[in-house]
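Following: one structure in structure tokens, then a few remarks.
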Amino acid sequence: MTDQERIRNQPEQFATDGLTPEEDRQLVSLLSKWKGGKISTPVFTELARIIPQPIIEVVLFRENDGVLETLLIPRPKDDIVWPGMVHTPGTALRASDYGRADNNPVKRAFERIQHGELHCEFADTPIFAGRLHRDGDRGPEVVEVYVADLGESFELLEGQEWCRVDKLSENSKFIQGQLGHVFLAVDFLKNGLPD
């Protein structure tokens with residue numbers, strides 16, 4: 001008997017809040033069919049509302065005429081939670097990010113950010129700036145914040161924009177729940193790199 005079969009056959013002391021015992025068993029049965037690949041956006045969104053998500057955020061800065069700016073990229077127009085909003089590049093860690101030869105799932109997240117969001121390589125490996133916990137619009141998150149530079153060949157794509165850090169709180173298109181990790185990255189820059 002597999003672990004999944006043992007879980008499905010385990011007598012339950014109670015049902016998940018909001019579900020009948022039969023609905024609870026049906027949900028377990030459906031989720032046990034997942035084979036480790038992609039998860040649809042609606043299913044991911046519901047799971048993220050329930051289970052804290054590990055998030056990797058990469059904050060990219062530039063100085064423009066003495067003003068610190070950060071790169072913002074667009075969410076899809078049909079995004080369930082933030083349609084058409086802008087955000088710093090980032091992604092949730094996925095089960096498929098594990099099982100790498102180097103045992104570093106964060107590197108897979110960096111690859112997704114570079115190839116799927118920025119369409120550009122980082123100039124160097126992103127540097128860890130800190131971690132924070134937040135209860136966002138999609139659900140609870142544990143966020144690892146990194147700071148990186150872009151290669152010289154980077155060109156803005158449609159919908160991407162550089163925004164003054166001191167104006168982010170006034171930007172109605174910016175996901176305001178991300179202010180905390182942007183300011184964490186700013187503090188990291190001000191305090192310098194560790195020795």
### Query
Under the 3.5 angstrom rule, does the side chain of Q160 hit a backbone N or O of L157 as a donor-acceptor pair?
yes
### Query
N191 side chain to D187 main-chain N or O, any donor-acceptor pair under 3.5 Å?
yes
### Query
Are R134 and E141 close enough for a salt bridge, meaning some N to O gap below 4.0 Å?
yes
### Smallest separation among heavy atoms of A15 and D24, with atom names
C-OD1, 3.8 Å
### Query
Taking side chain as C-beta onward, heavy atoms only, is H115 less than 4.5 Å from F110?
no
### Task
Would you sort out whether V145 and I56 count as a side-chain contact (heavy atoms from CB on, under 4.5 Å), showing the intermediate values?
CA-CA 6 Å; V145 182; I56 304 298; over 6 Å; no
### Message
Would a single hydrophobic cluster contain both V182 and V143, if residues Ile, Leu, Val, Met, Phe, Trp and Tyr are joined by side-chain heavy-atom contacts under 4.5 Å?
### Response
yes
### Query
Roughly how far, to the nearest 0.5 Å, is the OG atom of S96 from the CZ atom of R108?
7.0 Å
### Task
Establish, from distance only, whether the side-chain atoms of N64 and W162 form a donor-acceptor pair under 3.5 Å.
no
### Message
Looking at T16 and L19, would you say the former's side chain and the latter's main chain have a donor-acceptor pair under 3.5 Å?
### Response
no
### Query
Is it true that E117 and R75 have a side-chain N and a carboxylate O under 4.0 angstrom from each other?
no
### Residue pair F122 / D124, side-chain heavy-atom distance below 4.5 Å
no
### Non-hydrogen atoms of T91 and R94 that approach each other most closely
OG1-NH2, 4.3 Å
### Task
Give a yes or no on whether the backbone of K167 and the side-chain of E170 come within a donor-acceptor separation of less than 3.5 Å.
no
#### Entry: Closest heavy-atom pair and its distance - Q176, S169
OE1-CA, 3.3 Å
### Task
Would you name the heavy atoms of P89 and I73 that are closest together and state the gap between them?
CA-CD1, 3.8 Å
### For the student: nearest non-hydrogen atoms of H87 and I175, plus distance
CB-CD1, 3.8 Å
### Query
Taking C-beta and beyond as the side chain, do T88 and H181 meet within less than 4.5 Å on heavy atoms?
yes
#### Entry: Distance (rounded to the nearest 0.5 Å) between L72 CG and Q178 CD
8.0 Å
### Query
Are F128 and F188 close enough that their ring centres sit under 6.0 Å apart?
no
### Message
Please tell me whether F183 and L189 are part of a single hydrophobic cluster in this structure, the criterion being side-chain heavy atoms less than 4.5 Å apart.
### Response
yes
### Query
Sub-3.5 Å donor-acceptor pair from the side chain of T45 to the main-chain atoms of T41, do we have one?
yes
### Message
Run R100 and E111 through salt bridge (Lys or Arg N to Asp or Glu O under 4.0 Å) and show every step you take.
### Response
CA-CA 13 Å; R100 294 172 53 98; E111 290 165 3; 3.4 Å; yes
#### Entry: Backbone N/O of P76 and side chain of D79: donor-acceptor pair under 3.5 Å
no
### Summary
Of all heavy-atom pairs linking I51 and Q53, the shortest is O-NE2, 2.7 Å
### Query
For the hydrophobic clusters of this structure (ILVMFWY residues joined by side-chain heavy atoms under 4.5 Å, transitively), does one cluster hold both V147 and L179?
yes
### Message
Does R62 form a salt bridge (Lys or Arg N to Asp or Glu O under 4.0 Å) with D149? I'd like the steps, not just the answer.
### Response
CA-CA 8 Å; R62 77 172 184 185; D149 290 318; over 6 Å; no
### Task
Answer yes or no: does atom CD of E22 have more than 12 heavy-atom neighbours from other residues, nucleotides or ligands under 6.0 Å?
yes
## Note on the structure
SG (C120) and CD1 (I113) are apart, to the nearest 0.5 Å, by 13.0 Å
